[in-house]
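All remarks here apply to the structure that follows.
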Protein chains: 2
Amino acid sequence: MKGKLITRDTDYAVRALCFMAINEEEIMPVDKLVEELKIPRPFLRKIMQMLNKKGILHSYKGKGGGFALSVSPDRIFLTDLIEVFQGPLKLNECIFKKNICPNINTCPLKKRIDKIEDYIKTQLQSISLHSLLEKNSKI
Amino acid sequence: MKGKLITRDTDYAVRALCFMAINEEEIMPVDKLVEELKIPRPFLRKIMQMLNKKGILHSYKGKGGGFALSVSPDRIFLTDLIEVFQGPLKLNECIFKKNICPNINTCPLKKRIDKIEDYIKTQLQSISLHSLLEKNSKI
DNA sequence: ACTAAATGATACTAATATGGTATCTTTTTA
DNA sequence: TAAAAAGATACCATATTAGTATCATTTAGT
Ligand code: FES
Ligand code: FES
């Protein structure tokens, strides 16, 4: 199975944000992250811009500029990052496509898949950036 | 999020097998399934051939031929079908790719994602074709 | 034996998603 | 006013998913 719960951009975002959380130098330019984390620069730039747009980072333009966390690491959750890069977590949408499926309300499969999805959401919601740093000082 | 737990071929397989389980006419030609389920014929043929290869169906060649379940519906599970069409269920493989990630053993994120994956597997393992038919006489 | 109706095998194509580049503009500080 | 940053966008490459097309083989019935 190739379908991933967490794609590359989300992954990179986690790593970048973790690094920033550990190294509290306030303003972090992309180039420094690139150097430390070996993530392709243009890709990481796109990612950081996205996180800025979504309010997780704040950006400072011009010389000496860069990015800083605008949310505390214990308030950034994996679901948030997944939503930013992968859209709302939805692993099934009526397994028998809507137009074909007449019994979406009674279908026991739908119910069970929904239950699985709920569990996943709850779990991902409970994983904060902060909780990832605890025993993990260096990524 | 576009990543699906269940892809189209698995989905079609579920529907075809359900239909066959309900209509116990022993030998079911693909054309009949196509007619009933509105699945693209060449695609469904590929799917049925796959299920045959994997031992879930038995095929009868030649005129009057078709497919029949070779396993009882209460012994066919969603995981089985997912494995046939999507390979082994694996939703994360070291979130920070193996070559970059030094701490796969201690990483709390890995542990938590693994736990989620285990839960999903257990749940999907518990969904049998039979259990999908119970209140669901017509797909 | 012949034909029609079925599957087996396999190669090809199209659409979409993912991962990543390239380029040019704007802002800021020294 | 030049260097160092981010902003904005358009583009490209690869992989996966979804589906088609074709031809060969097997079998039942006449
Ligand atoms: S048949 Fe549509 S949700 Fe199950
Ligand atoms: S850092 Fe590799 S599994 Fe978490």
Side-chain angles (χ1 to χ4, degrees), chain A residues 1-13 15-16 20 25-35 37-68 70 82 84-87 90-91 97 100, chain B residues 1-13 15-16 20 25-35 37-68 70 82 84-87 90-91 95-97 100:
Chain A
M1 168 175 257
K2 306 297 149 50
K4 280 158 283 180
L5 217 44
I6 288 159
T7 51
R8 198 72 71 89
D9 33 21
T10 307
D11 178 338
Y12 287 162
R15 293 170 62 195
M20 292 176 72
E25 296 163 28
E26 275 313 294
I27 297 180
M28 177 80 69
V30 165
D31 280 320
K32 182 153 183 194
L33 290 168
V34 165
E35 205 182 300
L37 304 174
K38 319 292 186 201
I39 297 168
R41 200 181 102 96
F43 195 21
L44 183 55
R45 264 176 37 81
K46 202 163 66 171
I47 288 167
M48 300 297 275
Q49 285 178 11
M50 198 68 181
L51 291 169
N52 172 44
K53 272 182 190 156
K54 298 291 180 173
I56 293 167
L57 292 177
H58 186 77
S59 80
Y60 300 90
K61 291 164 88 171
K63 194 170 181 176
F67 296 89
S70 68
I82 289 176
V84 167
F85 298 104
Q86 304 171 230
K90 188 178 278 187
L91 292 171
K97 306 302 169 213
I100 326 175
Chain B
M1 168 175 256
K2 306 297 151 48
K4 281 158 282 179
L5 217 44
I6 287 159
T7 51
R8 197 73 71 88
D9 34 20
T10 307
D11 179 340
Y12 287 162
R15 294 169 63 196
M20 291 176 72
E25 296 163 25
E26 275 313 295
I27 296 180
M28 176 80 69
V30 165
D31 280 320
K32 181 150 185 196
L33 290 169
V34 166
E35 205 181 300
L37 305 175
K38 320 291 185 198
I39 296 168
R41 200 181 101 96
F43 196 21
L44 183 55
R45 263 175 40 77
K46 203 164 65 170
I47 288 167
M48 301 297 276
Q49 285 177 12
M50 197 68 182
L51 291 169
N52 172 44
K53 272 182 191 158
K54 297 292 178 171
I56 293 169
L57 292 176
H58 186 76
S59 79
Y60 300 90
K61 292 164 89 171
K63 193 169 181 174
F67 295 89
S70 67
I82 289 175
V84 167
F85 297 103
Q86 305 170 230
K90 188 179 281 188
L91 293 172
I95 189 172
F96 304 142
K97 305 304 170 210
I100 325 176

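Quick note on labels: first sequence line is chain A, next is B, and so on, each numbered from 1.
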Calculate the interatomic distance between [X] atom [atom1] and [N] atom [atom2]; express it in whole Å.
X: A/F85; N: C/dG20; atom1: CZ; atom2: C1'; value: 14 Å
X: B/M28; N: C/dT7; atom1: CE; atom2: C1'; value: 16 Å
X: A/I39; N: C/dT21; atom1: CD1; atom2: C1'; value: 16 Å
X: B/H58; N: C/dG8; atom1: NE2; atom2: C1'; value: 13 Å
X: B/F67; N: C/dA5; atom1: CZ; atom2: P; value: 18 Å
X: B/I27; N: C/dT7; atom1: CD1; atom2: P; value: 10 Å
X: B/L57; N: C/dT7; atom1: CG; atom2: C1'; value: 12 Å
X: A/L44; N: D/dA5; atom1: CG; atom2: P; value: 14 Å

Check your understanding: Is B/Q86 reaching over with its side chain to a backbone N or O of B/T7, donor-acceptor style, under 3.5 angstrom?
Key ->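 Side chain of B/Q86 to backbone of B/T7, a donor-acceptor pair under 3.5 Å: yes, one is there.
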Point to revise | Under 3.5 Å donor-acceptor, A/S70 side chain and A/I56 backbone | key: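 Judged by distance alone, yes, a pair lies under 3.5 Å.
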Exercise for review: Go through the structure and list residues passing ring pair (Phe, Tyr, Trp, His ring centres under 6.0 Å) with B/F85, not counting sequence neighbours.
Suggested key: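 Once residues adjacent in sequence are excluded, B/F85 has no partner under the ring pair (Phe, Tyr, Trp, His ring centres under 6.0 Å) criterion.
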**Study point:** B/M50 side chain reached by B/D9 side chain, heavy atoms, under 4.5 Å
**Key:**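 Contact flag for B/D9/B/M50 side chains = no.
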Review point. Under 4.5 Å between any side-chain heavy atoms of B/M48 and B/L33, yes or no?
Key: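 Heavy-atom side-chain distance check passes, below 4.5 Å.
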Check your understanding: Does anything in residues 41-65 of chain B pair up under salt bridge (charged side-chain N to carboxylate O under 4.0 Å, His left out), and if so which pairs, sequence neighbours excluded?
Key ->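 Found B/D31-B/R41.
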Check your understanding: By side chain to side chain donor-acceptor pair (under 3.5 Å), which residues pair with A/N52, not counting sequence neighbours?
Key ->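 Checked A/N52 against side chain to side chain donor-acceptor pair (under 3.5 Å); zero matches.
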Point to revise | Test salt bridge (charged side-chain N to carboxylate O under 4.0 Å, His left out) applied to A/E25 - qualifying residues, sequence neighbours left out | key: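 Partners of A/E25 under the salt bridge (charged side-chain N to carboxylate O under 4.0 Å, His left out) test: A/K32.
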Exercise for review: Sugar-phosphate means primed atoms, P, OP1 and OP2; the rest is base. With that split, encode nucleotides 18-30 of chain D 5' to 3' as B, S or - using protein heavy atoms under 4.0 Å.
Suggested key: SBB-----BBB--
Practice item. Determine: side-chain N/O of A/S59 to OP1/OP2 of D/dA5, distance under 4.0 Å, yes or no. Key: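 Answer is no, no contact under 4.0 Å.
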Point to revise | Those residues of residues 48-55 of chain B lying under 4.0 Å from DNA chain C by at least one heavy atom | key: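 Correct list: B/Q49, B/N52, B/K53.
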Point to revise | Residue pair A/T10, A/K4: steps toward the side chain to side chain contact (heavy atoms under 4.5 Å, CB included) verdict | key: CA-CA 11 Å; A/T10 307; A/K4 280 158 283 180; over 6 Å; no
